[in-house]
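Working notes, structure below.
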Amino acid sequence: MIPFKNWKRRTKLIATLGPATESGEMISSLIESGVDIFRFNMSHGKPDWVREKAALIQEFSRRAGKYVGMLLDTQGPAIRTGDLPDQMQLKPGDIFTFTVRGEKVEDQHSVSVNYDDIVNDIQVGDVVLVDNGNIQMKVISKEKNFLRCEVLTPGVMKSRRHINIPGVRINLPPLTQKDLRDIQLGIECGMDFFALSFVREANDCDLLRQILISKGSSGKVIAKIEDQLAVKNLFQIIDSSDAIMIARGDLGIECPFEELPIIQRRIVKSCIQKRKPVIVATHLLESMIVNPAPTRAEITDIANAVYEQADCLMLSGETASGRYPVECVKILDRVAVRTEKSGGAGYASLVELLGDEEKLAKTAVHLADDVGAPAICVFTRFGFLASLIAGLRPRYSVIYAFCPDEEVCRKLTLNYGVEPCYVVFPKSQEESIELVEKFLKTKGIESGQKIVLISEVPLKGERDRFILLHQLHYIE
Ligand SMILES: Nc1ncnc2c1ncn2[C@@H]1O[C@H](COP(=O)(O)OP(=O)(O)OP(=O)(O)O)[C@@H](O)[C@H]1O
Ligand SMILES: CC(=O)C(=O)O
């Protein structure tokens with residue numbers, strides 16, 4: 001019997017926290033609606049705000065009895081406008097000035113920029129893209145400390161907007177002083193994932209990892225692919241990171257937009273092949289920032305990412321500042337569940353399995369697929385075996401990861417199809433089966449169903465593995 005009844009979503013969901021979702025009530029509703037990880041966008045979040053919201057997430061996740069991860073997204077070497085007292089409505093033909101090094105100008109429309117070299121990197125006649133390319137301006141003159149531009153497209157200029165200069169290597173280090181302060185804050189708040197913006201090469205990930213290790217953090221390194229250089233160095237970046245984020249907001253500006261679907265597919269396929277979790281981010285439900293219902297194209301975009309079997313989908317403005325954050329999460333959940341039941345692209349068949357552990361995981365997944373098991377129960381100390389199994393994308397099974405470490409449980413919130421459960425490891429095979437039976441009963445999996453159990457047994461002082469095909473037999 002194929003276990004389609006009570007299908008639990010395998011694709012994980014990340015929601016960005018912001019003014020629209022900062023209350024305890026909202027955080028609690030988002031957890032109830034299925035958010036697996038909350039993202040803090042450090043281009044916007046102030047330290048006290050981050051501390052307060054991280055504590056709220058921990059409290060509400062405890063109350064919900066569900067592990068919820070926290071992701072700190074660094075600003076990285078990105079050019080941003082500074083703070084503005086009020087928004088500015090811009091129309092074509094307006095003159096707009098970007099200032100650096102604290103320069104003050106009398107112009108009607110101006111804003112400071114965090115990157116002094118912008119005046120060197122941009123030439124008169126170049127087009128400047130602001131706020132995800134929503135506002136386009138042409139440079140008409142430049143001086144030592146400012147650039148004067150003509151507005152080409154209408155738009156609203158707000159604080160901390162991102163400026164893109166496609167194809168130009170920004171002369172900022174991979175981690176700015178602000179990033180280093182934010183990473184320290186993230187460690188103090190117990191963040192599980194650290195996303196590195198505008199990664200350019202594998203060394204950038206190594207640097208972040210060294211910093212995390214030196215500060216005693218077990219945080220995972222997520223490399224954000226958002227420009228042409230990162231696409232060029234993709235394979236090395238995948239190898240040096242713990243997970244990849246396809247940051248389509250910037251990627252869609254930095255690369256010709258017709259390349260975006262091709263790049264997305266290539267990244268998802270390569271990540272699955274190399275067994276690295278992959279996140280598809282941004283614009284999944286952009287229209288729902290203001291509208292109560294999604295467009296058909298958005299539903300199809302979500303379904304496509306789910307069909308490709310990405311580990312995770314990420315909402316940005318939809319939950320940070322949109323009008324319908326909880327509805328957005330519910331729509332992602334609904335589209336993902338339906339698409340997962342219909343099958344996936346199957347890129348996991350490309351995974352290379354070299355070591356014994358990998359082969360063991362493959363055997364467990366084959367067995368579970370063959371018998372249509374609704375669950376693979378894996379006893380995993382460091383999360384490695386659970387993530388191996390997730391990487392192979394079982395067709396029908398939820399992966400219940402029984403783990404004796406809460407930090408590891410929170411890190412598994414990113415992996416496809418994994419539900420982490422904290423347990424003290426059983427001492428025998430009999431105890432493992434008893435624990436699994438009791439647990440699966442609470443999950444609504446019926447007596448008589450076949451499940452696969454993969455665990456370790458102490459054998460002559462060594463730890464050995466066993467795979468078991470087990471028919472549930474609940475004792476009433
Ligand atoms: N912590 C925050 N505090 C204040 N405003 C926030 C916060 N997080 C997000 N926002 C607001 O919500 C909007 C959407 O959030 P999002 O994370 O998508 O940021 P973004 O600046 O659009 O994207 P990115 O940083 O990826 O370029 C932001 O532009 C900002 O106005
Ligand atoms: C998430 C992000 O940074 C982007 O899409 O550009």
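Read the numbers this way: they start at 1 and go in the same order the structure lists the ligands and their atoms. Worth knowing before you read on, the calculation uses all heavy atoms, side chains too, and leaves out hydrogens, waters and symmetry mates. Bear in mind that the values here come from a model prediction, so they are computed numbers and not experimental data.
Counting protein heavy atoms only, atom 1 (C) of ligand 2 is closest to Thr282 OG1, 3.4 Å. Considering only non-hydrogen protein atoms, atom 23 (O) of ligand 1 sits nearest to Asn41 ND2, 3.9 Å. In this structure, atom 2 (C) of ligand 2 lies nearest to the protein heavy atom Ala247 CB, 3.6 Å. The protein heavy-atom contact nearest to atom 3 (O) of ligand 2 is Lys224 NZ, 2.9 Å. Of all protein heavy atoms, the one lying nearest to atom 31 (O) of ligand 1 is Arg161 NH2, 3.2 Å.
Using a 4.0 Å cut-off between heavy atoms, Pro19 contacts ligand 1 through its side chain alone, with no backbone atom that close. With a 4.0 Å cut-off on non-hydrogen atoms, Trp49 touches ligand 1 through its side chain and not its backbone. Looking at Lys46 against ligand 1, nothing comes within 4.0 Å, counting heavy atoms. Residue contacts with ligand 1 for Arg80 involve side-chain atoms from C-beta outward but no N, CA, C or O (heavy atoms, distance under 4.0 Å). Heavy atoms of Leu17 found under 4.0 angstrom from ligand 1 belong exclusively to the backbone.
Under 4.0 Å is where a charged nitrogen must lie from a carboxylate oxygen, and between Arg248 and Glu226 no such pair does. A salt bridge between Arg51 and Asp48 is present, with a side-chain N of the basic residue lying under 4.0 Å from a carboxylate O of the acidic one. Under the 4.0 Å criterion applied to side-chain N and carboxylate O atoms, Glu419 and Lys8 are assigned as salt-bridge partners.
With ring centers used as reference points, His109 lies 6.0 Å or more from Phe98.
With a 6.0 Å radius and a threshold of 12 heavy atoms from other residues, nucleotides or ligands, Lys330 has its NZ atom at or below the threshold.
Taking a 4.0 Å cut-off on heavy atoms, Met314 registers as neighbouring ligand 2.
Taking only nitrogen or oxygen atoms, main chain and side chain alike, Ala320 does not reach within less than 3.5 Å of ligand 1. At least one N or O atom of His44 sits closer than 3.5 Å to an N or O atom of ligand 1.
Put simply, the residue from Asp131, Thr81, Asp83 that forms a side chain to side chain donor-acceptor pair (under 3.5 Å) with Arg160 is Asp83.
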